[in-house]
Amino acid sequence: MKRSTILLIVLMSALVIAPIIYISLVAKDVMAIKDLVTNGMNINVNTEEQLAYKMKITSLDTTDIPECYINVTTYNGVVVDTLESVNFVIPADGVTAVLRNDSIIVVLDKVNATVFDGLCLTIELPANSQLDVENQVPAVDLRFHDADLSTLVVNTDSDLDMKDTNVGAMYYVYTDKTIGKSLRVSDTNIGAISMKGDNVALTVEDSNMGALGVSETCRTIELFDSNIGCCSWNEACNSKAVIEDCIITTEVLEGELDVRIGENKDVAVSFQTDTTADVDIKSSITIQDEDARVDVSPSGAVVVDKEDATVHITPLGLVVKEGDKEVVKIGLDGIKVND
């Protein structure tokens, strides 16, 4: 199998969230072959049928708010009434939250008590939603837990924690560089993320990222037990990064990776563009270059290169064929290699 083809599988599998996320788990073992070459692609994500929300978190007096956090999660199922599609669960005293058309407005005023361990509000969105968040209250952290989102844009001067979450594409920015922030990602799959890093402590563990683009220099960087298709940051970030048990397929300098979320929530990811890909988050991926074609769908991944070798990845395992001959089979019953 072409080395560039293996890169394509790993980079793109993270973009297709919950229905075929198992592909990234299989690809994690395939990626033990580390001698991969740099490659690139354009990615177009079709998200036009998904619900979109704008969330603003504000306070009459931001200095009067205790340290607390808002939890964001998603639910599955058919949304019968889109006017009531967002649920607000157990808001603390002094917290009001309303949905007006596509805008979620959260106002904190004289918050004297929080729920549980600092939780002041839980927000439930429909799965596969698009979400733009503006948080103007540094004392209120954001936590995404068990959430499935197609696109996520976060502008916050507080800490951000993501766990057990799937995101097609994500922007992370902020206004005040003087405030030290942390971005922590664990057990999470993100197709592509673009972030500002100045004065940010970045931690990624047990996660998969198709592309990670960092502008400016992070305060600290820690990557553990994770897979990253393309990683882009500056030399200063590279020198301070602590990386353990991770697979990073391609590394490029800051500015050479471009992640864009358009007005219609179409996503474009590009670096050294030699390969093209069309992506529909809900159904399938097709990737084509001069060496190979990759088709990814809920039934698995099929790779065909120009030398007539094929790779089939399914929930039951991985099979490599040359023509009609089965060369390697990795399944629940072990590994089989034919001469």
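Residue numbers start at 1 and run along the sequence shown.
Counting only N and O atoms by type, the side chains of Ser103 and Asn101 include no donor and acceptor under 3.5 Å apart. Side-chain atoms of Thr217 and Asn234 form a donor-acceptor pair, as typed in the model, at a separation below 3.5 Å. Side-chain polar atoms of Glu205 and Ser186 form no donor-acceptor pair below 3.5 angstrom.
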Steps toward side-chain contact (heavy atoms from CB on, under 4.5 Å) verdict (Ile221, Trp233):
CA-CA 11 Å; Ile221 299 175; Trp233 53 36; 3.9 Å; yes

Pair Leu160-Lys181, side-chain contact (heavy atoms from CB on, under 4.5 Å): steps then yes or no:
CA-CA 8 Å; Leu160 173 60; Lys181 292 163 282 292; over 6 Å; no

Run the side chain to side chain donor-acceptor pair (under 3.5 Å) check on Thr151 and Gln130 step by step: do they pass?
CA-CA 5 Å; Thr151 61; Gln130 304 162 4; 4.6 Å; no

Begin from the C-alpha positions of Glu244 and Asp225 and carry the test side-chain contact (heavy atoms from CB on, under 4.5 Å) through to its verdict.
CA-CA 6 Å; Glu244 297 181 5; Asp225 300 308; over 6 Å; no

Go through the steps for Met195 and Cys218 under the test side-chain contact (heavy atoms from CB on, under 4.5 Å), then give the verdict.
CA-CA 10 Å; Met195 59 170 287; Cys218 292; 4.2 Å; yes

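Of the listed residues (Val111, Asp157, Asp61, Ile65), just one forms a side-chain contact (heavy atoms from CB on, under 4.5 Å) with Val137, and that residue is Ile65.
Residue Phe224 is not grouped with residue Val214 when hydrophobic side chains (ILVMFWY) are merged at heavy-atom distances under 4.5 angstrom, including chains of intermediate members. Under the 4.5 Å side-chain contact rule for hydrophobic residues, Leu121 and Leu99 share a cluster. By the criterion of side-chain heavy atoms lying less than 4.5 angstrom apart, applied directly or through intervening Ile, Leu, Val, Met, Phe, Trp or Tyr residues, Phe88 is grouped together with Leu131 in one hydrophobic cluster. In the hydrophobic clustering of this structure, Leu183 groups with Ile243; members are Ile, Leu, Val, Met, Phe, Trp, Tyr whose side-chain heavy atoms approach within less than 4.5 Å, directly or through other members. Ile104 and Val107 fall into different hydrophobic clusters, defined by Ile, Leu, Val, Met, Phe, Trp and Tyr side-chain heavy atoms under 4.5 Å apart, directly or through other members.
Counting only heavy atoms from C-beta outward, the side chains of Leu152 and Thr165 never approach each other to under 4.5 Å. Contact of the Val72 side chain with the Val133 side chain is not registered, since no non-hydrogen atoms from C-beta on lie closer than 4.5 Å. With a 4.5 Å cut-off on side-chain heavy atoms, Phe144 and Val167 do not count as touching. In this structure, the side chains of Ser158 and Val140 stay at 4.5 Å or more apart for every pair of heavy atoms. In this structure, Ser194 and Tyr172 have side chains that are not in contact, with every pair of non-hydrogen atoms separated by 4.5 Å or more.
No more than 12 heavy atoms of other residues, nucleotides or ligands shown are found within 6.0 angstrom of NZ on Lys54.
Across every non-hydrogen atom of Thr62 and Gln136, the tightest pair is CG2-O, 3.6 Å.
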